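Structure first, then comments.
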Amino acid sequence: MPHHLAHAASAYYPSGYGDALVLVSDGLGERHSATVYTAGADGLETLAEVPAHSSLGLLYGLFTLYLGFAFGDGEYKVMGLAPHGDADGHIGTFLRNWVHLGSDGRYSVPLLLENVHDLDKETYGAALALIEREFGPRRAPDEPIEQRHKDIAAALQAVLQRAQLHQLAHFRRETGLTRLCLAGGVALNCAANGVLLRSGLFEDIYVQPASGDDGAALGAAHVAAVEAGDRPRSATGTAYGPVYGPRACEQAVAAVPGLAIHRAADDAELARLTARSIADGQIVGWFQGPMEFGPRALGHRSILADPRVAGVRERINALVKKRESFRPFAPAVTEEAATALFEIEPEDVHRFAEMLFVAYVRQEYAERLPAVTHVDGSARVQSVSRGSSPLFWSLIEEFGALTGLPVVLNTSFNVAGQPIVRTPEEAVRTFIAAGLDALVLGRLLITRTAAKDRTAT
């Protein structure tokens, strides 16, 4: 099955839309870096293709490498760095020399054509050399980040957004389609998604939560199901992964000394006690229900903290993440409070459920939510529905009752260099190794104590 067709199916069929425009944009499929489809009752039909040598995904990856991060893995860091910079000084250079916007929604990336020889195609050496001639030596991973690096990241992000809007505006006019589906690695750029949403170009936008290559498997399954005569169903969140019951949670802590364990009587007590722990300044590991499918932890495998405390970011980084100080953490907010705290239209609240769009924190709350407000006043918001995530919603609601702000800091439950925890055993090991203050494992609330003081209430 063609790579981009699998991506497109992964977004269109779960969207629940009838007719839609579908954009798949990534580094590279078989031969193309982006494909535009129309979708409807007759399935997916290719409308336009962008060749590999005009890849916005590869361009972003190339500058990720130039800025000292890992190609194919550090792009999200560049996205987080961009708001610290000023795009104005460099965007002209990008658009004059390296990214050309053409007619009919087309764009090209002549910078990538510099890589003529086989070695350069593997290492991007010729393109990197051209960037260095313009902007100076590339940053080594252990070197300080200077203002020039921030400005380059800002210009790169601005160009990506401009090229994508240029492309989509054309096909919106040409097709008259008012709904858009996005997939492919570029669709995980939530800052660009936020710009697109605020543009009002489309009435509805659906972004596949696992837009990277993991989501292509989902798309391939949808295509096979449609071909077999099955009717696709709309998406119901991302909780497709393994689930572990009370017995597995009990077994995970049974042989571990030095833990104090409280067994909550019900979900209401669990939410109330956890909210109090967070309000008291504790950093809490939260392990509940099925694991999320995709790169975002959405309240099943999360680390939670108080967003009102500016220093909590540094503390989480020191204990757990070991990540760059410029990168923001995300707020998880109840759907009912989302429009009051963030610049989100009521009809768009549900689109923020998978943490795929950036919105701005309302000015009156930015100072009250320093741990989740980025330097430009933005936040990668997760809206939490009582219907789809009742326990996580109850926790946030309880935190709001205590603090007046129904929002918590939410980051993935893992330490630097490791994947998100999957099993109860991994959760316990990470809780201990990372030095978290508490772990909520199903109905178990776990803290540290001397072995002789261990309780089983």
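One-based numbering along the sequence shown. A quick note: this is a predicted structure, and the numbers were derived from the prediction, not measured.
Note that the CZ atom of Arg313 and the CG atom of Leu409 stand 9.0 Å from one another [nearest 0.5 Å]. Rounding to the nearest 0.5 angstrom, the gap separating the CD atom in Glu426 from the CZ atom in Phe287 is 8.0 Å. Rounding to the nearest 0.5 Å places CZ of Phe329 at 4.5 Å from CD1 of Ile316. With rounding to the nearest 0.5 Å, the separation of OG in Ser383 from CD1 in Ile396 is 9.5 Å. With rounding to the nearest 0.5 Å, the separation of CD1 in Ile131 from CZ in Arg133 is 10.5 Å. Leu160 contributes atom CG, which lies 12.5 Å from atom CZ of Phe63 (distance to the nearest 0.5 angstrom).
A donor atom on one side chain and an acceptor atom on the other are found under 3.5 Å apart for His4 and Asp26.
Residues Val349 and Glu336 have side chains not in contact (no heavy-atom distance under 4.5 Å, counting atoms from C-beta outward). Using a 4.5 Å heavy-atom threshold, the side chains of Leu59 and Val99 count as touching. Looking at heavy atoms from C-beta onward, Gln164 lies in side-chain contact with Leu23 at the 4.5 angstrom threshold. Inter-residue side-chain proximity for Tyr37 and Thr35 is flagged as met; some heavy-atom pair is nearer than 4.5 Å. Considering only heavy atoms from C-beta on, Gln167 comes within 4.5 Å of Val36 through its side chain. Residues Tyr12 and Leu44 have side chains in contact (heavy-atom distance under 4.5 Å, counting atoms from C-beta outward). Within the 4.5 Å cutoff, the side chain of Arg179 has no heavy atoms near those of the Ser15 side chain. In this structure the side chain of Pro14 reaches within 4.5 angstrom of the side chain of His222, judged on heavy atoms.
For the residue pair Ala371 and Val312, the shortest heavy atom distance occurs at CB-CG1, 3.3 Å. The two residues Val358 and Ser378 have their closest heavy-atom pair at CG1-CB, 3.5 Å. Shortest non-hydrogen contact noted between Pro328 and Gly80 is CD-CA, 4.3 Å.
Within a 6.0 Å sphere centred on CD of Glu364, other residues, nucleotides and ligands contribute more than 12 heavy atoms.
One N or O on the side chain of Arg362 and one on the backbone of Thr339 form a donor-acceptor pair closer than 3.5 Å. Of the possible donor and acceptor atoms, one in the side chain of Gln208 sits under 3.5 Å from a partner among the backbone N and O of Ala210. The closest donor-acceptor contact from the side chain of Asp19 to the backbone of Gly40 lies at 3.5 Å or more, if one exists at all.
The cationic group of Arg198 does not satisfy the cation-pi geometry with Phe357, failing either the under 6.0 Å distance to the six-membered ring centre or the 45° limit from the ring axis.
Listed by first and then second residue, the side chain to side chain donor-acceptor pair (under 3.5 Å) pairs that reach into residues 296-309 are Ser302-Asn410, Asp306-Arg308, sequence neighbours excluded.
Ring planes of Tyr17 and Tyr206: perpendicular class, angle over 60° (limits at 30 and 60°).
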**Request:** List the steps and the verdict of ring pair (Phe, Tyr, Trp, His ring centres under 6.0 Å) for Trp393 and Phe399.
**Result:** CA-CA 10 Å; Trp393 182 92; Phe399 184 81; over 10 Å; no
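In this structure, Arg351 pairs ionically with Asp204, as a charged nitrogen and a carboxylate oxygen lie closer than 4.0 Å. Ion pairing of Arg148 with Glu146 is present here, as a side-chain N (NZ or NE/NH1/NH2) and a carboxylate O approach within less than 4.0 Å.
Taking His32 as the reference, nothing meets the ring pair (Phe, Tyr, Trp, His ring centres under 6.0 Å) condition, with sequence neighbours excluded.
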